Amino acid sequence: MRTFLRVMKALSDPNRVKIIKMLQNRPLCVCEIQAVLDIAQPTVSNHLKVLEDADLVHNRKEGPWAIYSLADGKSSPYCASLLGNLMHWLDNDPEITKIVETLPLIQKENICKR
């Protein structure tokens, strides 16, 4: 039950759901997520930590950046099921549509100050 509750808690915040929807389009660094959501970097990092702890996302180093992407869902059936369903959910939501339309305009090389 602990794994189930961790996944559900991770998806209980609107910004974390938005991050998942963003990562469905492409891997992103913290500053790209911050730029799209217009929230503070520590807040983005905290959201990503919760999503990582629930095995919904993972990160890899790419030069100076930590790049986040969706997990494959193999860690638990809850992750697999919810990530699979979220691929189809909320696509018509105006806020999600606006976020997805903004993503091509955001490039880490142009916005990150490293």
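This chain uses plain numbering: 1 for the first residue, then up along the sequence. These numbers come from a predicted model, not from an experiment.
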*Could you tell me the separation between the CG atom of Leu82 and the CE atom of Met87, rounded to the nearest 0.5 Å?*
13.5 Å

_Tell me whether Ser45 contacts the main-chain N or O of Gln41 through its side chain, where contact means a donor paired with an acceptor under 3.5 Å._
yes

*Does a salt bridge link Arg26 with Glu32, judged by any charged N lying under 4.0 Å from a carboxylate O?*
yes

_Could you measure the distance from the CD1 atom of Ile19 to the NE2 atom of His47? Nearest 0.5 Å is fine._
5.5 Å

*asked:* I'd like to check the side chain to side chain donor-acceptor pair (under 3.5 Å) partners of Gln107; sequence neighbours left out, ordered by chain and number.
replied: none

*With distance as the sole criterion, is a donor-acceptor pair present between the side chains of Thr97 and Glu101 under 3.5 Å?*
no

_I'd like to know if the side chain of Gln34 and the backbone of Pro42 have a donor-acceptor N/O pair within less than 3.5 Å._
no

*asked:* Let me confirm one number: the NE2-CD distance from His58 to Glu52, rounded to the nearest 0.5 Å.
replied: 9.5 Å

*Apply side-chain contact (heavy atoms from CB on, under 4.5 Å) to the pair Val57 and Ile20, showing each step before the final yes or no.*
CA-CA 8 Å; Val57 302; Ile20 293 290; 3.9 Å; yes

*Sub-3.5 Å donor-acceptor pair from the side chain of Arg16 to the main-chain atoms of Lys9, do we have one?*
yes

*Only one of Leu83, Leu56, Val50 clears side chain to side chain contact (heavy atoms under 4.5 Å, CB included) with Leu11; which?*
Leu56

*Does a sphere of radius 6.0 Å around CG in Asn92 hold more than 12 heavy atoms from other residues, nucleotides or ligands, not counting ones at 6.0 Å or beyond?*
no

*Would you confirm whether Thr102, through its side chain, and Lys98, through its main-chain N or O, come within 3.5 Å as a donor-acceptor pair?*
yes

*Can you find a heavy atom in the side chain of Lys18 that is under 4.5 Å from one in the side chain of Ile33?*
no

*Which residue pairs pass the ring pair (Phe, Tyr, Trp, His ring centres under 6.0 Å) test with at least one member in residues 3-41, sequence neighbours excluded?*
Phe4-Tyr78

_Asp93 CG to Ile99 CD1 distance, which is reported to the nearest 0.5 Å_ = 8.0 Å

*Could you tell me whether Asp91 and Lys21 have a side-chain N and a carboxylate O separated by less than 4.0 Å?*
yes

_Interatomic distance, Asn59 atom CG to Leu28 atom CG [nearest 0.5 angstrom]_ = 12.5 Å

_Using side-chain heavy atoms (C-beta onward) and a distance below 4.5 Å, is Cys29 in contact with Glu62?_
no

*From Asp38 CG over to Thr43 OG1, what is the distance, rounded to the nearest 0.5 angstrom?*
11.0 Å

_Heavy-atom pair of closest approach, residues Val7 and Cys79_ = CG2-SG, 3.7 Å

